[in-house]
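Atoms within a ligand are numbered from 1 in the order they appear, just like the ligands themselves. Computed from heavy atoms alone, side chains included, the values below leave out hydrogens, waters and symmetry copies.
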Amino acid sequence: MVQLRNPHLELMDQDILYHLALGSGSHDLVEMFGDVKFVCMGGTPKRMETFANYIMEVIGHKLPTGTTLLDISQYSYRYSMYKVGPVLSVSHGMGVPSIGILLHEMIKLMYHAKVREPVFFRIGTCGGIGHEGGTVIISEEAVDGLGNHYYEVPMLGKNVRRPAVFNKQLIRELKACIDPEDPYETVTGTTMCANDFYEGQGRLDGAFCDYSEAEKMEYLQSLKDQGVTNIEMESVPFAALTHHAGIKAASVCVSLLDRLKSDQVNAPKEVMNEWQLRPQKLVATYIKKYLQNKGRLSSTGHGPWAVKSPRRFKLVQQESEIIE
Ligand SMILES: O=P(O)(O)O[C@@H]1C[C@H](O)[C@@H](CO)O1
Ligand SMILES: O=c1cc[nH]c(=O)[nH]1
């Protein structure tokens, strides 16, 4: 089961998950969520509703006749959450504090519901560094805007650091789910988690800007040279808090633009909506494969990973096996 590293919770009569509009006293969390295996999160309520409907189709989950999906957290007016069999699909809003609060409450929810070994995914959007809009990017590592591999939070007046670590095995298994027929690239690399969309990501188009275009380009190029493939705003706390709770997690984002070419997100809405389905497809393939293989899924996709080569992926897929 999920281990909470908080002795105080045991002493509380009930635990109110305020931003989810749920509580251990007011709801039977074991009955409601005890069968959950996957927690998928992404920025917007609409994306996570779309994912809930999509995963329902992929895993063949049937709702009771005459019912539709319900936003379980609608009365929080903060996050949206949908449950489709063993899958929870929840929105996290924008940025580090927003996903941080959600992660505290989702991890506690898993604990109260007595869920065993849940797997968390972030299904997001990002700016690519040398990667065109529409490219899917799996995070191998997450760093903050200073290149640190940890999540730093001031607590009681002191900075506390927690390592931001993604689960390597889960990343390998995800890679083995890539469809070589996809008409777009899927790559892996280091994801930079910025605390701001504009100046924090080196854009020239915010309300303020104190650096030149040349300085911006030098910075972005230096990120690329260090293996940074994309910039978004949640990967560090997502990696760090799941790791701290002993939960396997991976982040899959789609690039909305290549930041080496522009700052403005100007792809047509329909195009961006289609792009946002791409990380969903990869995660849904993983979930389906996991459920079909009764939870034992492995991949030997080690070593240099040539995303461009369909032959290599066919090989990796053949190497996937069920371990009983
Ligand atoms: O999952 P989303 O699309 O919200 O991820 C990125 C990072 C920020 O939350 C947001 C900025 O546009 O998009
Ligand atoms: O450039 C981008 C695009 C999406 N999300 C980000 O955080 N940055």
Side-chain angles (χ1 to χ4, degrees), residues 39-52 54 78-82 88-103 106 120-139 142-145 151 164 166 187 189-207 209 216-217 219-221 223-224 228-239 241-242 249-269 271-283:
V39 175
C40 302
M41 47 183 79
T44 70
K46 187 69 202 160
R47 189 187 311 146
M48 300 326 289
E49 186 186 4
T50 302
F51 180 70
Y54 175 56
R78 294 286 184 184
Y79 306 111
S80 286
M81 177 158 58
Y82 300 91
L88 277 184
S89 183
V90 56
S91 66
H92 58 57
M94 280 196 288
V96 169
S98 187
I99 197 171
I101 294 165
L102 179 75
L103 282 164
M106 290 308 296
F120 281 32
F121 290 107
R122 172 167 137 70
I123 298 170
T125 67
C126 63
I129 305 289
H131 294 289
E132 297 293 342
T135 306
V136 175
I137 304 175
I138 303 169
S139 305
V143 294
D144 68 13
Y151 177 39
F166 286 118
V187 301
T190 300
T191 298
M192 188 186 114
C193 174
N195 273 337
D196 169 50
F197 185 81
Y198 289 99
E199 293 166 284
Q201 298 190 19
R203 282 185 153 83
L204 298 175
D205 61 346
C209 185
K216 164 200 152 178
M217 290 313 297
Y219 170 69
L220 292 182
Q221 190 57 50
L223 290 182
K224 185 167 161 39
V228 174
T229 42
N230 59 325
I231 308 181
E232 45 79 274
M233 298 177 64
E234 289 87 14
S235 54
V236 163
F238 180 65
L241 296 184
T242 49
S251 178
V252 187
C253 291
V254 70
S255 162
L256 298 184
L257 75 170
D258 181 355
R259 289 298 319 290
L260 296 181
K261 295 185 179 156
S262 64
D263 290 343
Q264 296 250 299
V265 180
N266 57 12
K269 266 270 174 259
V271 172
M272 278 199 292
N273 287 341
E274 191 277 314
W275 286 349
Q276 287 183 49
L277 300 176
R278 296 175 178 184
Q280 298 182 30
K281 182 185 167 204
L282 184 62
V283 169

Of all the non-hydrogen atoms in the protein, which one sits nearest to atom 2 (C) of ligand 2, and at what distance? Gly127 N, 3.3 Å
Using modelled atom types only, decide if a donor and an acceptor are shared between the side chain of Thr44 and the backbone of Arg47 within a distance under 3.5 Å. yes
Does any N or O in the side chain of Arg203 come within less than 3.5 Å of the main-chain N or O of Arg259, such that one atom is a donor and the other an acceptor? no
Is there a donor-acceptor contact under 3.5 Å from the side chain of Thr191 to the main chain of Asn230? no
So for ligand 2, is Gln201 a polar contact partner (N or O within less than 3.5 Å, distance only)? yes
Which of the ligand 2 atoms, numbered from 1, are nearer than 4.0 Å to a heavy atom of Ile231: 6 (C), 7 (O), 8 (N)
Donor-acceptor pair, distance only, cut-off 3.5 Å: does the side chain of Ser91 make one with the backbone of Gly42? no
Report every pair formed by an N or O atom of ligand 1 and a protein N or O atom separated by less than 3.5 Å, giving atom names and the distance to 0.1 Å.
from     : atom 1 : to     : atom 2 : distance (Å)
ligand 1 : 1 (O)  : Gly43  : N      : 3.0
ligand 1 : 1 (O)  : Arg47  : NH1    : 2.8
ligand 1 : 1 (O)  : Arg122 : NH1    : 2.7
ligand 1 : 3 (O)  : Arg47  : NH1    : 3.4
ligand 1 : 3 (O)  : Arg47  : NH2    : 2.6
ligand 1 : 3 (O)  : Thr125 : N      : 3.4
ligand 1 : 3 (O)  : Thr125 : OG1    : 2.6
ligand 1 : 5 (O)  : Arg122 : NH2    : 3.1
ligand 1 : 5 (O)  : Thr125 : O      : 3.3
ligand 1 : 9 (O)  : Glu234 : OE2    : 2.6
ligand 1 : 13 (O) : Thr125 : OG1    : 3.2

Do any N or O atoms from the side chain of Thr190 and from the backbone of Val228 form a donor-acceptor pair under 3.5 angstrom? no
State the atoms of ligand 2, each with its element, that fall below the 4.0 Å cut-off from a heavy-atom position in Arg203. 1 (O), 2 (C), 8 (N)
Those residues that, when tested against Arg278, pass salt bridge (Lys or Arg N to Asp or Glu O under 4.0 Å) (two or more places apart): Glu274
Heavy-atom contacts with Glu232 under 4.0 Å: which atoms of ligand 2 show up? List them by number with element. 7 (O)
Could you check Phe120 against Met106 for side chain to side chain contact (heavy atoms under 4.5 Å, CB included), going step by step and ending with a plain yes or no? CA-CA 10 Å; Phe120 281 32; Met106 290 308 296; 4.2 Å; yes
With heavy atoms of Met233 as the reference, note each atom of ligand 2 found under 4.0 Å away. 7 (O)
If you draw a 6.0 Å radius around CE in Met217, do more than 12 non-hydrogen atoms from other residues or ligands fall strictly inside? yes
Does the side chain of Glu132 pick up a donor-acceptor pair with the side chain of Thr135 at under 3.5 Å? no
For Val265, state whether at least one heavy atom is located under 4.0 Å from any atom of ligand 2. no
Would you find a donor on one side and an acceptor on the other, under 3.5 Å apart, between the side chain of Asp144 and the backbone of Cys193? no
What atoms in ligand 2 come closer than 4.0 Å to a heavy atom of Leu257? 1 (O)
